[in-house]
Protein chains: 2
Amino acid sequence: MSLNKNHQINPKISTDCVIFGFDNEGLQVLLIERKPVSDREENNALPGDLIYDDEDLDDAAQRVLKELTGLSDIFLEQIGAFGSPDRLSKPEDKKWLESVRQYPDERVITIAYYSLVNKNLYKPQASSFAQSAVWVPVSEVTTLAFDHFEILKAALKQLRSKIKTQPVGFNLLPAQFVLSDLHKLYESILGRPLDKRNFRRKINKLGIVESLNKKQTGVPHKPSLIYKFNEENYQRLVEEGYDNFGF
Amino acid sequence: MSLNKNHQINPKISTDCVIFGFDNEGLQVLLIERKPVSDREENNALPGDLIYDDEDLDDAAQRVLKELTGLSDIFLEQIGAFGSPDRLSKPEDKKWLESVRQYPDERVITIAYYSLVNKNLYKPQASSFAQSAVWVPVSEVTTLAFDHFEILKAALKQLRSKIKTQPVGFNLLPAQFVLSDLHKLYESILGRPLDKRNFRRKINKLGIVESLNKKQTGVPHKPSLIYKFNEENYQRLVEEGYDNFGF
DNA sequence: CCAAAAGTGTTGAAGTTACACCCATGC
DNA sequence: GCATGGGTGTAACTTCAACACTTTTGG
């Protein structure tokens, strides 16, 4: 992140972030609402902006995410580059670009990133050109500015692929949780039901969770044991991966 | 690929191609040797160059590959963007850039692609700033210009990951082949031996190959049946993927 | 007849799916 | 006592890894 002679905006390259969060409502994605410059525009967008010319791509994604939503220190994984020449050409998007960009007609390639966070630990706070930053259930998103819906679909695809070869959840759940939370998370990501007994058996075999020998209180049903992740095993499996989880 | 007012070189974005080929010698990668501008530089590089500002990324990769190596109409899959600010800063690379680029100090982000081809169908022919275009066994590549070695490693990783969820080989083998060719291909990509009987059983179960009821001739050992791919089943599995091939 | 690669089955272990009931709690 | 979700085991089946010998050809 050192500064050099090129510490200025690179008008041709941007970064966009797909941040997934999770709660009982299911899988959510963090969107910003752009400050409106006219009526009838699609103002929901992924947090994203141009990078600096001397800035590493990963650093740029972190910075932009922080500037627009306040979220920082999040592990971001690259999805890829999106560079269709007409990706910014919808009329309502052009109008908006004219209001915020120095060179609104520039052809911009974006490098997209995604991440998973625990919604309760990260409270987004909009700033810069974001009017608000909100969690929206993934299933309710049907249109976004620019080509962001396409980017979201690619992020989901990558997440679904990732979940088959490494554990997922550490970043999405609170430090203490019950197994049905994890169960719901996996079902949300995969978009289909998973057998409860088989799910528990597999998770236990992986050794990524351990019971705290505490129970829930105040629930109107049999209280569940409370678990935490076994960080060692979890990390090891993130690095090694597994071929075959059968989900 | 329509031309517009911006049909000029985009000095900030390039594309690089990792083209894998296969023969009995194992997995190879297509490299160009840059025309030397001084002594002692690393002149082996991936085929790659700047894109045009009105050019789709996928189209740009096709064009650049063709310009440098003569290969055309190859299905290229994106690996991702590589944009470390110092990726072009090795002294020998800088010197070379000064000889070919209008803005040799520009910070360039590259979008990398990879593909698999049948070496016998594609005979590379160097042109432009490529002095030669040659197949090099992947196992023998240890250094490359710029960050190209890193890009090669990422391509290999993606290929090894891909082979676990969909069939591979159609683009790498001739139309007719024997099962041991396919076997060797899988071993080359994965970098480890696979049991012959188990491999054949799995391939047969997938239904991606079918025998032509012809035998090899002129081989000093029991002749093998000759096979071709069943394109329907192959394509279907490329699209659907499988979770679990156990390689 | 020798060298070389082709081709082929079985077995024991592990993993997969599908499925139904009792339990502990709050109200 | 009722509603709610928690928690548990088994059986049938499929998949997996490991392993060795016979066959066909060219020279």
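In what follows, chains are A, B, ... by sequence order, proteins preceding strands, each numbered from 1.
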**Asked** What's the CG-C1' distance between A:Asn198 and C:dA14, to the nearest Å?
**Response** 15 Å

**Prompt:** Does the side chain of B:Lys202 get closer than 4.0 angstrom to OP1 or OP2 of D:dA17 through an N or O atom?
**Reply:** yes

**Asked** Got A:Leu194 and A:Tyr186 here, is their nearest side-chain heavy-atom distance under 4.5 Å?
**Response** yes

**Message:** Donor-acceptor pair, distance only, cut-off 3.5 Å: does the side chain of B:Thr69 make one with the backbone of B:Leu71?
**Reply:** yes

**Asked** Has A:Arg34 got its NZ or CZ under 6.0 Å from the middle of the six-membered ring of A:Phe146, at an angle within 45 degrees of the ring axis?
**Response** yes

**Message:** Is there a side-chain contact between B:Ser180 and the phosphate of C:dA5, meaning an N or O under 4.0 Å from OP1 or OP2?
**Reply:** no

**Asked** Between atom OH in A:Tyr242 and atom C1' in C:dA14, what is the gap in whole Å?
**Response** 18 Å

**Request:** Take A:His221 and A:Lys196, find for each the nucleotide of DNA chain D with the closest heavy atom, and name the residue whose nucleotide sits nearer the 5' end.
**Result:** A:His221

**Item:** Length of the CG-P vector between A:Asn204 and C:dT16, whole Å
**Value:** 14 Å

**Request:** Report the distance from atom CG of A:Asn213 to atom P of D:dG7, rounded to the nearest whole Å.
**Result:** 12 Å

**Fill in**
Ranking C:dA6, C:dA24, C:dG9 by distance to the side chain of B:Lys222, first place goes to C:dA6

**Request:** Using a 4.0 Å heavy-atom cut-off across all strands, classify A:Leu225 as base, sugar-phosphate, or nothing.
**Result:** sugar-phosphate

**Item:** Pairs satisfying salt bridge (Lys or Arg N to Asp or Glu O under 4.0 Å), at least one member in residues 214-232 of chain B, at least two apart
**Value:** B:Glu210-B:Lys228

**Asked** Where each residue is assigned the nucleotide of DNA chain C containing its nearest heavy atom, which of A:Val219 and B:Ile226 is assigned the position nearer the 5′ end?
**Response** B:Ile226

**Message:** Distance check needed: D:dG26 P versus B:Gln216 CD, whole Å only.
**Reply:** 11 Å

**Request:** To the nearest Å, give me how far apart CG (B:Asn24) and P (C:dA5) are.
**Result:** 11 Å

**Asked** Of B:Val178 and B:Asp195, whose closest DNA chain C nucleotide lies nearer the 5' terminus?
**Response** B:Val178

**Fill in**
A:Arg200 CZ to C:dG15 P, in whole Å, measures 20 Å

**Message:** Between A:Arg201 and A:Asn204, is there a side-chain donor-acceptor contact under 3.5 Å, judged purely by atom types and distance?
**Reply:** no

**Prompt:** To the nearest angstrom, how far is A:Ile203 atom CD1 from D:dG7 atom P?
**Reply:** 14 Å

**Asked** Just by distance, with hydrogens left out, do B:Glu67 and B:Ser128 show a side-chain donor and acceptor under 3.5 Å apart?
**Response** no

**Message:** Between D:dA20 and B:Arg197, counting only base atoms on the nucleotide and side-chain atoms on the residue, is there a donor-acceptor pair under 3.5 Å?
**Reply:** yes

Check: protein-nucleotides 11-14 of chain D nitrogen or oxygen pairs below 3.5 Å:
none

**Message:** Check the phosphate of C:dA5 against B:Ser224, side-chain N and O only, distance under 4.0 Å to OP1 or OP2. Yes or no?
**Reply:** no

**Item:** Short side-chain donor-acceptor distance under 3.5 Å, A:Tyr227 and A:Asp181
**Value:** no

